[in-house]
Amino acid sequence: GQGVDEPLSATGFRQADAAGLFLSNVKFTHVFSSDLLRAKQTAAAILGKNRFCKDLEIKYDARLRERKYGVAEGRPLADLKAMAKDAGEQCPSFTPSGGETLDEVRERARDFFEFLCQLAVELEQKEHGKLGALGRSSGTSGEQFVFPWTNHCSEVELSSEGSGSSMVLDANILVVSHGAYMRNWIGYFVSDLNCTLPANLTKSQLSSVSPNTGVSHFIIKLENGNLLKPKITCVCLNQDSHL
């Protein structure tokens, strides 16, 4: 949760380093992290292994914090499950006293995602202002990004512009957050924004919490800067081959 701001364990640092090596050839344009210590340390470890982005500024945002669990924070998961059972409810929909509801977590995720979309549109507009009529249509703007997990994912079309292993993007954003929060964010993508999912993804995989440093990759297209109708494709979900 939010109330116990513990650092990474030795295992956590090893996992973060492994994720950093896995992503070492991905050129990020922006990095955002939860402002909780374990996420900060994970983001720093990932950038520390990167060939291109070691000096990129990490921006910390409280909207990326883990779900608040109120009276259950700092206690074993078994206690949370017992509280839910006593209340006649199931985890994870149960909200302990003082905790956040799932709707409140989703609202945080929605707010942050809309902020990212606005950031991407402003970048694209700025790029067009620099390049005039050339811009995207000629392929002169944006960067070329190489993603390492092409072979680990289902046959999702990574890009209509390239071979699948690289593409032209206005922004390539790394977001470091937490398991329960990210599950709610992905639920928002699927239920509210009709995110396209890999064909081989099961319902249990969709509803499961990511392993530590699991990587999920989404392609977001904002046609003509339309913030209201983002087209979202999930390339991979909770990918953990680096662990």
Side-chain angles (χ1 to χ4, degrees), residues 1-6 12 15 19 30-40 42-43 59-77 79-81 83-85 87 89-120 173-198 201-220 227-240:
Q2 299 183 13
V4 182
D5 196 13
E6 290 288 318
Q15 292 171 331
H30 303 77
V31 179
F32 293 92
S33 170
S34 158
D35 61 352
L36 296 178
L37 180 57
R38 56 193 184 274
K40 287 181 174 182
T42 300
K59 296 184 178 179
Y60 304 111
D61 198 304
R63 289 174 292 185
L64 293 172
R65 286 182 180 181
E66 181 59 289
R67 182 184 180 189
K68 185 179 180 182
Y69 283 96
V71 296
E73 293 196 340
R75 297 168 65 175
L77 178 60
D79 286 5
L80 177 63
K81 290 181 177 179
M83 290 179 195
K85 185 177 180 181
E89 298 183 37
Q90 297 285 327
C91 287
S93 57
F94 170 68
T95 303
S97 176
E100 279 182 298
T101 66
L102 294 183
D103 285 344
E104 288 171 334
V105 177
R106 185 169 294 200
E107 181 62 22
R108 275 201 286 129
R110 183 194 63 79
D111 187 56
F112 184 77
F113 177 64
E114 290 180 354
F115 157 75
L116 289 186
C117 289
Q118 183 65 49
L119 172 68
I173 302 170
L174 173 66
V175 177
V176 180
S177 186
H178 308 269
Y181 175 87
M182 292 304 300
R183 177 170 59 185
N184 277 271
W185 188 342
I186 292 162
Y188 161 66
F189 274 3
V190 173
S191 63
D192 292 30
L193 299 179
N194 299 313
C195 173
T196 301
L197 298 169
L201 195 70
T202 66
K203 284 188 177 180
S204 62
Q205 288 174 314
L206 182 60
S207 61
S208 64
V209 173
S210 174
N212 288 340
T213 70
V215 175
S216 295
H217 177 198
F218 297 91
I219 299 170
I220 317 295
L227 295 169
L228 297 178
K229 291 186 178 180
K231 181 181 178 183
I232 305 175
T233 301
C234 176
V235 178
C236 61
L237 191 70
N238 303 336
Q239 203 283 117
D240 65 351

Participant: Can you see whether Ser93 engages Gln90 through a side-chain donor-acceptor pair at a distance of less than 3.5 angstrom?
Facilitator: no
Participant: State, yes or no, whether a side-chain contact exists between Arg67 and Tyr181 at a heavy-atom distance under 4.5 Å.
Facilitator: no
Participant: Check this for me: Lys40, atom NZ, are more than 12 non-hydrogen atoms of other residues, nucleotides or ligands nearer than 6.0 Å?
Facilitator: yes
Participant: Kindly indicate whether the side chain of Leu206, heavy atoms from C-beta on, has any atom under 4.5 Å from the side chain of Ile186.
Facilitator: yes
Participant: For the residue pair Cys236 and Pro198, establish whether any side-chain heavy-atom pair is separated by less than 4.5 Å.
Facilitator: no
Participant: Is there side-chain contact between Phe115 and Phe32, with at least one heavy-atom pair below 4.5 Å?
Facilitator: yes
Participant: Can you check salt bridge (charged side-chain N to carboxylate O under 4.0 Å, His left out) on Asp192 and Arg106, steps first, answer last?
Facilitator: CA-CA 10 Å; Asp192 292 30; Arg106 185 169 294 200; 3.6 Å; yes
Participant: Are the side chains of Met83 and Arg75 in touch, meaning some heavy atoms are under 4.5 Å apart?
Facilitator: yes
Participant: Please step through salt bridge (charged side-chain N to carboxylate O under 4.0 Å, His left out) for the pair Arg38 and Glu66, ending with a clear verdict.
Facilitator: CA-CA 11 Å; Arg38 56 193 184 274; Glu66 181 59 289; 5.2 Å; no
Participant: Give me the ring orientation class for Phe189 and Trp185: parallel if the planes are under 30° apart, tilted from 30 to 60°, perpendicular past 60°.
Facilitator: perpendicular
Participant: Hey, does Ser34 have a side-chain heavy atom less than 4.5 Å from the side chain of His178?
Facilitator: yes
Participant: Under 4.5 Å between any side-chain heavy atoms of Leu116 and Val175, yes or no?
Facilitator: yes
Participant: Identify the heavy atoms of Ser33 and Leu64 that sit nearest to each other, and give their distance.
Facilitator: C-CD1, 3.7 Å
Participant: Just wondering, do Glu104 and Thr95 contact through their side chains at under 4.5 Å, heavy atoms?
Facilitator: no
Participant: Hey, is the main chain of Ser208 close enough, under 3.5 Å, to the side chain of Arg183 for a donor-acceptor pair?
Facilitator: no
Participant: Answer yes if the side chains of Arg63 and Ser177 hold a donor-acceptor pair under 3.5 Å, and no otherwise.
Facilitator: no
